Amino acid sequence: MTARVAIIGVGQSSFGKRPNSSIRDLTFEAFHEAIEDTKNLGRMDIDASLVATAAGYDKQRSPAAVIAEYLELNPQPTFLTEAACASSTVALRTAWSFIKSGLHDVVAVIGYQKMTDMTSEAIQEVMGRAGDVMFESPFGTSMPAYYAMFARAHMDAYGTTEEDLAKVSVKNHYYSQFNPKAMFQKEFTLEKVLSTRVIASPLKSLDCCANADGASCLILANESKAKKFAEQPIWIKGLGLGSTAMSLASRKPPFTGFESAQEAARQAYTMASIKPKDIDVAEVHDCFTIAELIAYGDLGFCKREDSPKMIRDKETHLGGRIPVNVDGGLLSKGHPVGATGGSQIRTLVYQLRGEAGKVQVDGAKIALGHNVGGIGMYTTVTILEV
Amino acid sequence: MISMGFEKFGFVSYVSQAKIGEFTEYLKKNQLMGTKCKKCEKVYFPPRGDCISCLGDEVEWVEINGDGKLVTYTEVNFAPTGFQEDVPYILALGLLNSGQQVFARFSKDVSLEQVKSGMAVQLVPCQIDEDRVTYEFQIP
Ligand SMILES: CC(C)(COP(=O)(O)OP(=O)(O)OC[C@H]1O[C@@H](n2cnc3c(N)ncnc32)[C@H](O)[C@@H]1OP(=O)(O)O)[C@@H](O)C(=O)NCCC(=O)NCCS
Ligand SMILES: [Zn+2]
């Protein structure tokens with residue numbers, strides 16, 4: 001079993017409005033935490049770095065070069081990986097292949113996004129162009145609007161209600177109180193969530209994640225290096241990556257799931273030789289409340305039509321059948337696009353090492369991460385094991 | 001941007017040059033046109049300049065019937081930069097009876113209360129201003 005690949009160190013910056021931080025400061029913060037998280041890994045032990053971010057939010061072009069320079073990772077290979085909001089876990093998968101092929105022994109994945117020096121309207125214009133710019137963006141699309149159309153379809157097909165959606169927000173915000181790196185660390189009542197202003201019907205402000213600044217860093221290694229540089233390596237057991245047509249018009253109904261996620265899940269479960277019921281804890285891409293319900297179905301946690309029941313019955317709360325997003329999720333942590341996937345993996349690594357504090361899932365052995373790019377154009381599923 | 005016609009499409013356009021640039025000229029003449037592959041006769045709407053079915057690269061313009069039904073929709077209250085003066089507007093995905101799905105806005109005179117998934121809709125060409133053209137959903 002010498003071919004296993006492990007995560008040996010994880011780190012992230014605080015997520016939120018970070019007016020005094022550039023992309024260099026944010027990535028330094030995450031990198032620093034990840035290095036400290038390993039057992040004496042030195043800078044020169046890192047054979048390659050993959051930088052993950054979505055283009056268009058800050059002015060730096062070809063950012064891998066500047067991040068590698070700032071973190072003194074030259075002259076080792078570095079380059080950018082882009083898959084919208086799934087950039088950092090697509091980079092994780094690439095890093096895994098580098099190690100598995102024997103090309104590199106230790107690889108750092110550094111994800112970041114600097115967003116809050118733009119207005120929310122300007123950010124939505126950038127995001128709207130992560131849709132088909134020929135035949136969809138010219139109508140005024142945005143990510144909340146696209147997901148709202150999936151929410152509408154879900155409600156029409158399965159009787160999902162606005163309250164069901166709000167319950168996802170209440171759950172994730174509740175757990176954010178225990179996450180010192182989250183953008184918002186407080187509870188909201190169901191009534192409060194339901195009373196916030198409509199952004200794109202039926203989605204309200206608290207059905208949406210907030211734009212944020214932040215960075216994450218994951219350090220991967222082959223088995224022998226992992227044993228040398230980690231107290232407790234966390235093994236990558238399954239990986240999946242799927243894609244879906246960018247334009248909504250080219251997709252098949254029903255609009256209650258993402259083909260990319262179903263494909264990524266299939267690949268990851270097959271590679272790990274496990275079933276959804278074997279998952280002890282999961283992080284899913286809750287950029288909007290509806291996205292979490294869609295994920296339950298796409299990942300096989302329940303039948304697609306039962307996803308509203310799953311949140312009603314608290315099956316994804318701590319103590320439930322599969323605790324989901326007990327670190328607060330994107331809904332409360334904020335969503336610095338390129339950093340998000342790495343942050344999810346960091347949470348899962350803590351869970352598997354038994355270091356998740358108040359939100360620890362007792363005896364967690366197998367964890368699943370689900371990271372979606374844009375409106376499901378790319379999805380990764382990552383299965384980890386202690 | 002050197003224009004080739006497509007920059008006239010939609011409320012804000014991001015593409016100026018395309019093989020199917022003439023599309024906007026037809027919309028201006030109140031014609032909803034798609035493309036048909038000359039080789040395998042597959043019909044595309046919105047139009048494509050090449051056929052992905054048989055990889056044919058010659059297509060001809062054909063009239064499209066805009067009748068269909070509504071698949072899903074949302075009313076946008078928070079618009080991206082460039083669209084803020086238009087709020088609220090209803091974005092919709094429709095399925096034409098001829099089989100193609102189309103993404104468009106509802107006509108401004110349609111209110112959210114009138115809209116329901118599955119209802120009959122009609123896609124029609126429309127003039128935004130002197131220069132700009134698009135298509136929109138109406139309730140037949
Ligand atoms: C929903 C949205 C349009 C709101 O933007 P906005 O009107 O500029 O909102 P603001 O940032 O000014 O926030 C308004 C208030 O709500 C709070 N708030 C916003 N989002 C919140 C969240 N997810 N959780 C808790 N509080 C939140 C803010 O702190 C602020 O509170 P304050 O008035 O006390 O300071 C914006 O957050 C958005 O576009 N989100 C989606 C991002 C996205 O699409 N990401 C990609 C997903 S694929
Ligand atoms: Zn053809």
Side-chain angles (χ1 to χ4, degrees), chain A residues 56 118-158 196-205 207-208 211 245-256 288 290 375, chain B residues 6-18 20-21 23-24 44-49 52 70-96 100-106 112 115-118 128 132-137:
Chain A
M118 292 169 78
T119 64
S120 297
E121 289 83 356
I123 292 171
Q124 280 310 331
E125 194 273 343
V126 173
M127 286 182 176
R129 285 186 285 115
D132 171 8
V133 298
M134 265 186 95
F135 290 109
E136 295 190 0
S137 314
F139 295 107
T141 56
S142 68
M143 284 299 141
Y146 274 126
Y147 275 91
M149 293 172 83
F150 277 77
R152 171 54 53 199
H154 211 274
M155 292 165 89
D156 288 334
Y158 312 135
T196 53
R197 75 186 167 119
V198 178
I199 301 295
S201 69
L203 300 181
K204 302 162 196 77
S205 160
D207 283 303
C208 307
N211 302 307
M246 183 175 249
S247 58
L248 231 51
S250 299
R251 300 192 193 181
K252 291 180 216 71
F255 288 83
T256 58
F288 300 94
I290 182 62
I375 177 77
Chain B
F6 202 78
E7 75 289 349
K8 298 190 180 109
F9 180 72
F11 295 86
V12 173
S13 50
Y14 300 97
V15 175
S16 61
Q17 305 182 349
I20 46 90
F23 181 56
T24 55
Y44 292 99
F45 189 84
R48 281 181 67 119
I52 196 60
L70 182 61
V71 178
T72 188
Y73 62 95
T74 180
E75 183 177 63
V76 176
N77 293 307
F78 185 97
T81 302
F83 300 90
Q84 283 151 299
E85 282 170 17
D86 301 353
V87 291
Y89 52 88
I90 302 174
L91 295 175
L93 184 71
L95 173 64
L96 301 186
Q100 297 90 358
Q101 285 189 135
V102 187
F103 190 99
R105 276 193 202 173
F106 261 101
L112 189 60
V115 174
K116 225 172 142 44
S117 302
I128 298 170
R132 311 192 68 78
V133 285
T134 185
Y135 39 70
E136 64 179 17
F137 287 115

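So you know, we letter chains A, B, ... as the sequences are listed, proteins then strands, and number each from 1. Everything numeric in this text was worked out from a predicted model, so none of it was measured.
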Discussion item. Is there a side chain to side chain contact (heavy atoms under 4.5 Å, CB included) between A:I375 and A:R251? Walk through the geometry before answering.
Written reply: CA-CA 11 Å; A:I375 177 77; A:R251 300 192 193 181; 3.8 Å; yes
Check whether [X] gets within reach of chain A through its side chain, its backbone, both or neither, counting any heavy atom under 4.5 Å.
X      : value
B:L112 : side chain
B:F23  : side chain
B:Q84  : side chain
B:L70  : neither
B:A104 : both

Item to complete: Would you please indicate yes or no on a ring centroid separation below 6.0 angstrom for A:Y146 and A:F255?
Response: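 For A:F255 and A:Y146, the ring centres are not under 6.0 Å apart.
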Picking from [options], which has the most non-hydrogen pairs under 4.5 angstrom with chain B?
options                        : result
A:S201, A:A122, A:A153         : A:S201
A:L248, A:V133, A:I199, A:L203 : A:I199
A:E125, A:M149, A:R197         : A:M149

Worksheet item: With under 30° as parallel and over 60° as perpendicular, where do the rings of A:F150 and A:Y147 fit, or are they tilted in between?
Response: tilted
With a 4.5 angstrom heavy-atom cut-off, is it the side chain or the backbone of [X] that approaches chain B, or both, or neither?
X      : value
A:S120 : both
A:R129 : side chain
A:F139 : both
A:S247 : neither

Worksheet item: Given B:F6 and A:F135, is the ring-ring contact (aromatic ring centres under 6.0 Å, His included) satisfied, shown in steps?
Response: CA-CA 10 Å; B:F6 202 78; A:F135 290 109; 5.5 Å; yes
Discussion item. With a 3.5 Å distance limit and no angle check, can you tell me whether A:E136 reaches the backbone of A:A249 through a side-chain donor-acceptor pair?
Written reply: yes
Worksheet item: Do the side chain of A:E121 and the main chain of B:A79 share a donor and acceptor less than 3.5 angstrom apart?
Response: no
Worksheet entry | Option in B:F103, B:Y89, B:F83, B:F9 with maximal non-hydrogen atom pairs under 4.5 Å from chain A | B:F103
Discussion item. Once ring-ring contact (aromatic ring centres under 6.0 Å, His included) is applied, do any residues pair with B:F137, and if so which ones, sequence neighbours excluded?
Written reply: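 B:F137 satisfies ring-ring contact (aromatic ring centres under 6.0 Å, His included) with B:F106 only.
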Item to complete: Please list, chain by chain and in numerical order, all residues satisfying side chain to side chain contact (heavy atoms under 4.5 Å, CB included) with B:R132, sequence neighbours excluded.
Response: B:S13, B:I128, B:D129
Discussion item. Between A:V126 and A:M118, is the side chain to side chain contact (heavy atoms under 4.5 Å, CB included) condition met? List the steps.
Written reply: CA-CA 10 Å; A:V126 173; A:M118 292 169 78; 3.7 Å; yes
